[in-house]
Amino acid sequence: MIDSAMSRRNIITLSSAVLLSVLFPYLTPYTALASEILVFALFAMAYDLVLGYAGMLSFGHAAFFGIGAYTTGIMLVRVYPCVMPALLAGVIVSSLAALFVGYLSIRRSGIYFTMVTLAFAQMFYFTAFKWTGLTGGDDGLQGVPRPPVGPLDLTSEITLYYFILFFVFLSIMIGLRVVNSPFGKTLQALRENKDRTMSIGYDVDKFRLIVFIISGFFSGLAGGLYALLLNFVPLSSLYWTTSGEVVVMTIVGGMGTLFGPVLGALGIILLRDIISNFTESWNFIMGLIFMGCVLGFRGGIMSIIKDKLKLYV
Amino acid sequence: MSAQFIGMQLFNGLILGSVYVLLSLGLSIIFGMLGIINFAHGAFYMLGAYAAYNITSYIYPNFWIAFIFGPIFMGAFGAACEVFFFRRLYKLPPLYVMLFTFGLMMAFQDIIRMIFGSMGVPFNTPESLMGAVNLGFMYYPKYRLFLIIVTALCSLGVWLFLSKTRLGALIRAGTDNSRMVDALGINISRITTLVFGLGIGLAGLAGVLVAPIQNVTHLMGMDFLIDCFVVVVIGGMGSIAGSIIGGLIVGEIIAMGIMVWPPIANTLIYLFMAAFLLVRPRGLFGREAFHD
């Protein structure tokens, strides 16, 4: 009885979410804003796999986002102007980067993990900054084209929105599958009590590395879509401010909920868009949001939804 | 490449290393006491440089006044931050405290940008320390030598304070087991405030010292702080010797990198850190599973 009521509620929530995301570009002031929200929703969801489910506070996720963006951009600009292979190259390279960073940084847990991930992200940032021949350096990678994919003309903003939406849906489906699988449950066990998980025979480091790579994969996808969306790759996509933004989106939305970070991305990007009309001091506001979340909003938007509306998503 | 050029670069590495040492020492003792990394540490360093600028431009145009009162002011400011902000957060998991310091860092940076602009502010080398000294084999700027000496004295002072005084012993005890120290009737929260003030004071001192030789901008802290993370990963968090030796190693690696091929200088330290994580994950002097 309760089960069927819950699943009915789930279906209602899910279908309204689908409907909303299809209509969404008509509700925002301009279409590119809706697309940007989608891109960061995907990025935040990918990040939540690491922070929310495995309990690892990575401060270097800009690396995978930026590497995805740069690889996709470089493929399109310098190698071959075809979208799908470029996106594929982006996720492969960012997954490899996640393998490299993850393999080294899971040797330390807790705050060391945080410091080491941040330091490695800075390494990629400096590499992109100095290697101007490949990346365009400080100016970013200019002139990323949007060649058509089959019958789809991606130069139309609205088509690009639905193109991105397709990938985001696919990723959320895979993400849900991951967190509800035995693998995902093990991750949560590991987050709650590492020693106990280890003592019942799980290879904790292997699980942490795998989720880190999965997260790097989706972050790279988000980055690749971001390059398409902007028609260029800003150097700031690799900078620590981007890592900070995805952390705050995840916390504001509610970590460990997968849908929460999507809402967090929506809230933060909309807020930034509104505030940038009035002031340049976005970083100051961001800092206040960080501090405010820690002081009184640790559960995020999802905890409000769960407590007040009794929705189970 | 002449021997003189190499000597010059070795000394420049020492300068850079000195600043790393001062920042990492503060980072490390705060970590030892509270078990958090203070992301705002770089912002406090930046504020130290701006404090020096404000003292010399608006209060009294003398570097020595800024040199003495800048760090004291920053230490007091840090202690006040501990009392008003951080103390409320200790019951939370360390993750939240770190996020809080990250937010504090972003807010500080932007406040400074709003007040002083994003171009940075000018700062001159004090007249009494202008010119160069003949070291026998080469000439070296006086101010830079002064910076090295101050850092060496400070490191020695911090080491003596922590290892030879009663208060230092209390701090070390608090690092090992703060609840036990509290149970023995020592006011641990006062010691925590002191440690925080000391750490921030050292960051402030580093900021004052680099003001004449580096661009004073609102962004000077964070990138530098990330380098300090490399220092403490290599040296071992919570260890004074680790901060000092790690800081000097990282400074020298960058200086040597600049000599060989400048674009790779910054990347080298991260690769070095990667190698260290493979060979000795806990760092040179780090304790196994300390606050892990």
Side-chain angles (χ1 to χ4, degrees), chain A residues 51 55-57 59-60 100-101 103-133 137 194 239-241 243-245 247-248 250-251 255 279-295 298, chain B residues 27 31 35-37 39-40 43 85 88-89 92-111 113-114 118 218 222-223 225-230 232-233 237 262-271 273-278 281-283 286 289-292:
Chain A
L51 175 64
M56 302 146 80
L57 178 62
F59 246 104
F100 169 75
V101 174
Y103 180 73
L104 291 167
S105 44
I106 57 168
R107 289 162 180 267
R108 306 305 307 265
S109 55
I111 69 149
Y112 294 96
F113 177 80
T114 307
M115 290 194 293
V116 172
T117 48
L118 181 52
F120 279 125
Q122 194 79 345
M123 175 175 88
F124 292 116
Y125 168 77
F126 273 116
T127 309
F129 181 52
K130 300 284 184 189
W131 198 348
T132 44
K194 185 183 157 190
Y239 202 43
W240 54 262
T241 45
S243 299
E245 265 174 29
V247 177
V248 89
T250 307
I251 306 273
M255 50 182 176
T279 164
E280 282 176 48
S281 309
W282 169 244
N283 279 337
F284 176 67
I285 311 271
M286 239 349 227
L288 292 187
I289 295 175
F290 255 106
M291 291 188 277
C293 280
V294 171
L295 290 178
R298 286 185 290 275
Chain B
L27 201 62
F31 165 80
I36 60 157
I37 15 170
F39 277 111
F85 292 134
R88 296 161 204 279
L89 302 172
L92 299 176
L95 178 144
Y96 290 109
V97 190
M98 287 195 283
L99 291 176
F100 187 85
T101 62
F102 193 83
L104 200 62
M105 176 272 294
M106 292 188 84
F108 277 156
Q109 276 188 357
D110 224 34
I111 290 172
R113 187 190 58 79
M114 284 187 249
S118 53
H218 65 293
M222 188 59 186
D223 289 344
L225 182 71
I226 299 176
D227 292 351
C228 287
F229 292 167
V230 176
V232 293
V233 169
M237 197 67 153
I264 204 165
N266 281 92
T267 309
L268 268 183
I269 60 169
Y270 305 112
L271 292 177
M273 177 183 81
F276 237 90
L277 284 168
L278 283 175
R282 68 183 146 125
F290 180 47
H291 283 310
D292 222 6

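So that the names make sense, note that chain A is the first sequence line, chain B the second, and so on, each numbered from 1.
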Can you name the nearest heavy-atom pair linking [X] to [Y], along with the distance?
| X | Y | value |
| --- | --- | --- |
| M291(A) | L104(B) | SD-CD1, 3.5 Å |
| A119(A) | M273(B) | CB-CE, 3.5 Å |
| D110(B) | W282(A) | OD2-N, 4.0 Å |

> Is there a side-chain contact (heavy atoms from CB on, under 4.5 Å) between Y239(A) and D223(B) once you walk through the steps?
Replying inline: CA-CA 10 Å; Y239(A) 202 43; D223(B) 289 344; 2.9 Å; yes
> Under the ring pair (Phe, Tyr, Trp, His ring centres under 6.0 Å) test, which residues partner F100(A), sequence neighbours left out?
Replying inline: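 Counting only residues at least two positions away or on another chain, F100(A) forms a ring pair (Phe, Tyr, Trp, His ring centres under 6.0 Å) with F120(A).
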>> Test of understanding: with ring pair (Phe, Tyr, Trp, His ring centres under 6.0 Å), list the residues that count as partners of F124(A), not counting sequence neighbours.
In response: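 Not a single residue meets the ring pair (Phe, Tyr, Trp, His ring centres under 6.0 Å) criterion with F124(A).
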> Should the pair F31(B) and Y112(A) be assigned to parallel (<30°), tilted (30 to 60°) or perpendicular (>60°) ring geometry?
Replying inline: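 Judged by the thresholds at 30° and 60°, the geometry between F31(B) and Y112(A) is perpendicular.
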>> Between Y125(A), Y103(A), W240(A), who has the most heavy-atom pairs with chain B when the cutoff is under 4.5 Å?
In response: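 Among the listed options, the one with the most contacts to chain B is W240(A).
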>> Between F290(A), F113(A), F129(A), who has the most heavy-atom pairs with chain B when the cutoff is under 4.5 Å?
In response: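 Most heavy-atom pairs within the cutoff with chain B belong to F290(A).
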>> Between F59(A) and I37(B), is the side-chain contact (heavy atoms from CB on, under 4.5 Å) condition met? List the steps.
In response: CA-CA 12 Å; F59(A) 246 104; I37(B) 15 170; over 6 Å; no
>> For the interface with chain A, which of L92(B), V233(B), T101(B), V97(B) has the highest count of heavy-atom pairs at distances below 4.5 Å?
In response: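 Ranked by contacts with chain A, first place is L92(B).
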> Which region of F85(B), side chain (C-beta onward) or backbone (N, CA, C, O), has a non-hydrogen atom less than 4.5 Å from a non-hydrogen atom of chain A, or is it both or neither?
Replying inline: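 Contact with chain A is absent: no heavy atom of F85(B) under 4.5 Å.
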